[in-house]
Every structure is written in structure tokens, then in C-alpha cells.
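One structure is given here, and the rest of the page talks about it.
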Amino acid sequence: MATELPTSNGNGHANGDVGSQQAVKEGLARMLKGGVIMDVVNAEQARIAEEAGAAAVMALERVPADIRKDGGVARMSDPQMIKEIMETVTIPVMAKARIGHFVECQILEAIGVDYIDESEVLTPADHTHHVEKAPFKCPFVCGCRNLGEALRRISEGAAMIRTKGEAGTGDVVEAVRHMRTVNAEIARAKSMSLEELRVYAKDIQAPYELLKKTAELGRLPVVNFAAGGVATPADAALMMQLGCDGVFVGSGIFKSGDAAKRAKAIVQAVTHYNDPKVLAEVSMNLGEAMVGINCGQMPEADKLAKRGW
Amino acid sequence: MTKSALSTTFTIGVLALQGAFSEHIQLLRQATSTFNAAHTTEYQWQLLEVRTPEQLSRCDALIIPGGESTTISLVAARSGMLEPLREFVKVHRKSTWGTCAGLILLSESANRTKKGGQELIGGLDVRVNRNHFGRQTESFEAKLDLPFLEVPGVRQPREPFHSVFIRAPVVEKILPKREGIQLEEAEKSETVVAPSKHPKDDVARQAIKADVEIMARLPGNANALSKNEATAADVGEEGDIIAVRQGNVFATSFHPELTGDARIHGWWLGEVVKLVEQRRAVSI
């Protein structure tokens, strides 16, 4: 279960850049809590997601499972396709930009997407730098594998965090690893004195003020979703019980046998994540889950989560 | 579990199907302690996250939080909550407050819903326009003057209420008071209406006699400032309706739950106590 995120937390971040937009940016993420954000590649899928009860959709050209299969360079989607999705559904629409590709972000902001995901699922455009996110009016979500990475993204202006997991595999093991790592590191930080926190901030390469705030709160200072490998209602509820505020589902829905049914089931599972009877009910007769790739047998070079610095 | 007619225990639920319910619980916690400090009666408060009809049945009052109204509506229907919610609001006429998505769900009529429409709970004879200001990049903060927060006897100017509007709806029309469904609204294309319900007893019947009261407007210039291209003249001198009340139902298009300010929660608790005590007195 997620630890409470204090209500008046949305007023600034480590940059000292207290833009009034920060409360508005973090605010939308709070409105998505307890919800499911689904990857969709066209307007038709977006409608299925909306009817299933998705709190938002992520518009992209290929779901991560296909990006893996096809190889090549994965880039921002055609803005025309994203606009079609925006015109088709009334729920928020997110879209992905490559890590460090601030011009893709400018384009996505210009067409009016509701959230930008600076995502490791696409091929990185910069081998060292992430996008400076604070100056954008559009809010950003970014992936993390551990606390240091999460706090670096927040200090750059991310208003929402997600675990990276291992996208396009249908194997939840990496999302669990990342969430457990973040939880364990926060627990460690909580037990530290201020002097120790200074050293720990250097160790994990995180801004000290943000680390201190995280230690005080006992959780990340922004909304934190699970992502990367969620394929079943049970996976989604597992991530919620581990403390996530909500769930992204990528390939897991539209690479399965009965997408609409599975999507509805995952939405119900995220609301009733603590009620095994409901979870049992919604898990029945879902048809085939995505086949998946076992992360344990995956060559290191194929792992998307390693992208990002 | 029967409650004594003189009980000073109140159970306040927050609908926890999706959205910012934790934020409301936090502010209620703050507001209940302030409320108790200001009253001689030792009120007991139970705050409850509501996901099931059984939990709802324990509530004296309910908050429907911000979130995605389509999601909340669909999950409510699939969790067997939609009818119990309509009974709570429109048959028992218990105190209910909706913020943002909650305002949409508590309206008798709504515009710009998803294709195929969406289920509403109803309770307020108003039509809302969803995502009135536009998408996320048009979301904004504004300082509001809220006359209903005036403390009797205190003369100093009211502290403005810092509010956050996120892809917010507004009340675009106050509808004629209706016992049945809003027929003219139902005939309009791309507008959905809530089904009608009959109030259960005298106290509930009294609630439906109430007119819709406009509790707050967003001043035209505040809105104009948020959208660089709009001018005060475009949005009208009076400004958009952003808070309404009708009997037992109260709704705001903004998010008081995204601030540290629990004044609206405190004011609403006072309204809840009044209505519940009225009901408890009748049932002696």
C-alpha cells in the first residue's frame, strides 16, 4: 500500500525553481492515482482502453514488445497519430520522447499532450544528458531503477516517476526489483542522521535536499507508478501492494488474447488491490496472456532498463 | 449496528475507486481536529476509504474526489457501486461533496463526455462542461474569494483560497429544478443525464426542494490570466461557476485537496453535522 503523499507537497523542487506550474503538474499525476495507464498504438485501441476504464493512455507507434522484435531506432510517434488519439478520447493522453531529445518534447508539448514520458523504451538520443524538464509547461514522467535515479529525474523537473521494469517482456520481475530497491533505499535513508544522509546523497548521486525530503516523507516526493512487465491483474495488484500509486500497462493488454476483457480486469484489480476475492474473480477466463520473454534468460544487451543515466 | 439518536459520532467516507482520495482523507483529518477545537461538543469522527456498498452504507457523508470521471464511473458500475451511490445521494439525500471529477458525477447533465456517454450519479440540477479550460497545459492555479468561508462575527477580510484547476469542468448552466430526469437535456445530442430517483423521507424531500446556489465563481480576469489569449470580455464579467450547492449536494470544479488549506473541509463538516443532526432528531 502506498504511503501518503502530503497534499501541499506540490510546491517546489530541488532546483529552487518554485514555478507555480509544479502543483499543477504534480496535481494531474495525483488525479491518475489508483488508475491504469495503457499503451495504445491507434485511436481504436485508445477507445478500448477508455471503455475499460483507463485513467489515461500512452500513445505510441509500437508497443515495447514490437520495438524489441523489430529492432532499429525507436523514436517519438507521428504527431498526427497522437493527435488522432487525443481527438478520440476524453481521458488524458501521454506520449513518449527519447531520453535527452528535448526537441521531441517541444513537439509533444506543442500538440498539447497531457504528459510526456522521457522513456528508455525508445532509443536514447543523448548518451549523457536527460531533458531539463522544469521549464516545460507540460509535465513529465520518467523511469527509475533505484532511488538515486528517481531523485535525479525529479530534480530535473519530473512531476511523476515510474519503475522501469523491463518493458515488452510480460515478466514483472524487474518492476518488482526496482520497486523493492526504491523501498529499501528509502527505508535506509529514513534511519540515517543528517550527516549520514549527506554521504548517502553522494553515494547514490542524488540531490541532498530531495533525499532529505524523501527520508522525512518515507516515500518518493511525487506520485510513483509501476511499469515494465505488468501482464495480469495479479501483477498489477502486486505492484500496488508493494506501494505503487498506480500502474502502467504496455504490451500486456494489446498483446493478449482478449484485450478489452484483460484491460477491464486490470483496472478492477488496481482499485481492489487489497481484496483477494475480487482479484480471483477478475482473473478468471481472461484468455491468453501475452507470451512474454523471461528476463532471467535475456542477454544484458537487450535490457531497456539500462538506458538512462 | 444502530446509532443512538443523540450520537455525536460521524462517519465520513471518501470514494476510493480511483483518484486523489488520500489527499481528502488527510485534509479531513486536519479539518476534524480544527472543528473539534472550535466546538464544545466532543464530536467523534471516523474517516473511511469507500470501495464497497457495505462501506458506503456505514457513511453519514461522502466525498467524491478528483480523478478521471470516466474511470470512476466505469469502476463504480463494475463494482456494484453506481446504484448504491445514487441511493446515497438522491434517495437518502445524505451530504455529498464532489471535487472536479466528483462535480461531473454529481451533475444531472454533462457535456463532452466520452463517445457513448458516461454514467452519472446526479443530485445537482446543473449541466457541466467537462475539460472546460482545455487540456493539461491549460491547467492553472488561482486565488479565490469564497464568501461561504466567512466566519460569522469576524470582520477582517477573508484570506483568499489558493485553488488548483486541473483539466477542470465548470457548471455551464443551472437547470430548472426537476424531480424526474432533465428531459430537455436528455434530448440534446452529446449530452448525458442522470436517472431519476425518489427521495426516501421528509428530510430527503426537503433537500430536493432546495434551489441550486452558486457558491463561487472564477473571476473573468483570473481565467483570462491563465489563458494568455483570452480577455475578461471573452469569458464574461461574472466569471465561470466553479462551486454550487443544492440541498445535501455540494461541488467544486477545483481541487481543495491539492492545498494544505482545510477551510472548505471544515466548513463542509459543519454542513454535514447540521444535516445529520436534523435527520437523527427526526428519527427519535
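Quick caveat: nothing in here was measured; it's all calculated off a predicted structure. Residue numbers begin at 1 in each chain, while the letters A, B, ... track the order of the sequences.
Ranked by non-hydrogen atom pairs under 4.5 Å with chain A, the options B:Val164, B:Leu27, B:Asp261, B:Leu17 are led by B:Leu17. Between chain B and the residues A:Ala52, A:Pro92, A:Cys138, the largest count of heavy-atom pairs under 4.5 Å involves A:Pro92. Top candidate by heavy-atom pairs under 4.5 Å with chain B, chosen from A:Gly35, A:Gly246, A:Ala55, is A:Ala55. Note on B:Arg29, B:Arg112, B:Gln30, B:Gln118: by heavy-atom pairs under 4.5 Å with chain A, the leading option is B:Arg29. Put simply, of A:Thr88, A:Leu32, A:Leu28, the one with the most heavy-atom pairs under 4.5 Å next to chain B is A:Leu28.
At a heavy-atom separation below 4.5 angstrom, chain A is approached by B:Gly66, B:Gly67, B:Glu68, B:Thr70, B:Thr71 within residues 63-73 of chain B.
Surrounding NZ of A:Lys83 are at most 12 heavy atoms belonging to other residues, nucleotides or ligands under 6.0 Å away. The 12-atom threshold is not exceeded at CZ of A:Phe102, counting heavy atoms of other residues, nucleotides or ligands nearer than 6.0 Å.
Annotation for B:Ile104 and B:Ala110: closest pair CG2-CB, 4.4 Å, computed over non-hydrogen atoms.
When side chains are defined from C-beta on, B:Arg127 counts as touching B:Lys188, because their heavy atoms get closer than 4.5 Å.
Salt bridge status for B:Glu54 with B:Arg58: present, with a side-chain N to carboxylate O gap under 4.0 Å. Between A:Lys33 and A:Asp245, none of the side-chain N atoms (NZ, or NE/NH1/NH2) sits under 4.0 Å from a carboxylate O, so this pair counts as no salt bridge. A salt bridge does not link B:Glu138 with B:Arg135: every distance from a Lys NZ or Arg NE/NH1/NH2 to an Asp or Glu carboxylate oxygen is 4.0 Å or more.
Shown here are the side chain to side chain donor-acceptor pair (under 3.5 Å) partners of A:Glu44, two or more places apart in sequence or in another chain: there are none. Every residue two or more places apart in sequence or in another chain that forms a side chain to side chain donor-acceptor pair (under 3.5 Å) with A:Arg153 is listed here: A:His130, A:Glu156.
Proximity to chain B involves both the backbone and the side chain of A:Val93, based on heavy atoms less than 4.5 angstrom apart. Contact of A:Ala54 with chain B is made through the backbone alone, with heavy-atom distances under 4.5 Å. Both the backbone and the side chain of A:Glu50 come within contact range of chain B, with heavy atoms under 4.5 Å apart. If you measure heavy-atom distances from B:Ala16 to chain A, the contacts under 4.5 Å come from the backbone alone.
Listed by first and then second residue, the side chain to side chain donor-acceptor pair (under 3.5 Å) pairs involving residues 269-279 of chain A are A:His272-B:Ser79 (not counting sequence neighbours).
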